[in-house]
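What follows is a single structure, written as structure tokens, with notes after it.
Here is how names work: the chains are called A, B, and so on, in the same order as the sequence lines, proteins then strands, and each is numbered from 1. Since the model is a prediction, treat every value here as computed from it, not as a measurement.
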Protein chains: 2
Amino acid sequence: MLEAKGLRPSYQRLKILEYLAGSKAHPNVDMIYEDLAKKIPTISKTTIYNTLAALVEKGLARAVTISGQEVRYDFDVSEHSHFLCKKCGRVTDVYGIKLPNTKEKAEGRVIEEVHLYLKGICRECLNKLKGVQNGKR
Amino acid sequence: MLEAKGLRPSYQRLKILEYLAGSKAHPNVDMIYEDLAKKIPTISKTTIYNTLAALVEKGLARAVTISGQEVRYDFDVSEHSHFLCKKCGRVTDVYGIKLPNTKEKAEGRVIEEVHLYLKGICRECLNKLKGVQNGKR
DNA sequence: TTTCGTGCAAAGCATTTGCAAGTAG
DNA sequence: CTACTTGCAAATGCTTTGCACGAAA
């Protein structure tokens, strides 16, 4: 995959790509760093930043800026939406929502990316809230 | 407006709300600070952060996290989309795109916000690029 | 040998926090 | 009097930059 995009398949890049491909948590740089550092103690955040930027530029990953505080990364570049839980901060995929046609309203702009971001409370956090309420009674 | 939401209409808050209402640039905190500081030399960024957070919480403004680097603010809380030009960084409104129905896919989540973010190159930047190309010939 | 990739350290910004002084109800 | 608001200064956290060393083509 990397070679097809003109990127040298270095050990670090392979591990970062592999990590991203195996995660559904939409990790940020720090999560990737913390986990990979266990196996590769010499890895640096700079390399992770460099690699992720290259992956996004080459279309091998997507940057998800839903939280506004940090960039999260997604290996799945197919059409789908993202949900951010305001309570626990988790970002999850939402499949099956048809993105609207934006070309009609482009008005001379070139639209390269379309992101549908949903924010609210996830099911797990809702269940916890219910539990707390019941406990109070 | 402020009083209706339980916020004291202080001079700073009024000016910030007024500024936001009169701007279509989707300003970030720094833009608001730089402009307001000309008239109100004592205003602080802390107050702007505080006020914007209160406005968003009370539904008098929207936070636009399209760039992933900074939060931009929009006085228009009606349903519309946003476009970020990757070239010049400007954020513009896009009206008329019908947001997809997300309730069907909520799967137990409570969805409180729906944001459609478009990224690409704006018309102005495209025109500049054309100009450069023609100049080369 | 020239370009590319890595990683340390420092710098850069946006944002948050602690806190003291001022203001309004 | 009491709660809210302001704003300075410091701290935090994510990301970028400068740079030197090492590795690959």
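Note that CD1 of A:Ile43 is 7.0 Å distant from OG1 of A:Thr51, once rounded to the nearest 0.5 Å. The OG1 atom of B:Thr92 lies 7.5 Å from the NE2 atom of B:His26; values are rounded to the nearest 0.5 Å. In this structure, CG in A:Asn50 is found 8.0 Å from CZ in A:Arg13, a value given to the nearest 0.5 Å.
Taking 4.5 Å as the limit, some side-chain heavy atom of B:Glu79 sits within range of a side-chain heavy atom of B:Leu99. Considering only heavy atoms from C-beta on, A:Leu7 comes within 4.5 Å of A:Lys58 through its side chain. Side-chain contact check for A:Leu52 versus A:Val71: every heavy-atom pair is 4.5 Å or farther apart.
A heavy atom lying under 4.0 Å from DNA chain C marks the following residues of residues 55-75 of chain B, by number: B:Gln69, B:Glu70, B:Val71. Residues from residues 9-22 of chain B with heavy atoms under 4.0 angstrom of DNA chain C: there are none. Residues of residues 24-50 of chain A that place a heavy atom closer than 4.0 Å to DNA chain C, in numerical order, are A:Thr42, A:Ile43, A:Ser44, A:Thr46, A:Thr47, A:Asn50.
The environment of CD in A:Glu112 is crowded: more than 12 heavy-atom neighbours from other residues, nucleotides or ligands sit within 6.0 Å.
For A:Glu104, the side-chain hydrogen bond (donor to acceptor under 3.5 Å, both in side chains) criterion is met by no residue, not counting sequence neighbours. Applying the ring pair (Phe, Tyr, Trp, His ring centres under 6.0 Å) rule to B:Tyr117 yields the partners A:Tyr117, B:His115; only residues at least two apart in sequence or on another chain are considered.
Stretches of at least 3 consecutive Watson-Crick or G-U wobble pairs, with each checked distance under 3.5 Å, appear in DNA chain C as C:1-25 with D:1-25.
If you measure from atom CG of B:Leu7 to atom P of D:dT5, you get 7 Å, rounded to the nearest angstrom.
Here A:Arg109 pairs with A:Glu107 in a salt bridge; the nearest charged N to carboxylate O distance falls below 4.0 Å. A salt bridge between A:Asp76 and A:Lys24 is absent, with no side-chain N of the basic residue lying under 4.0 Å from a carboxylate O of the acidic one.
Seen from the ring of A:Tyr73, A:Arg62 does not count as a face-on cation partner, given the 6.0 Å and 45° thresholds.
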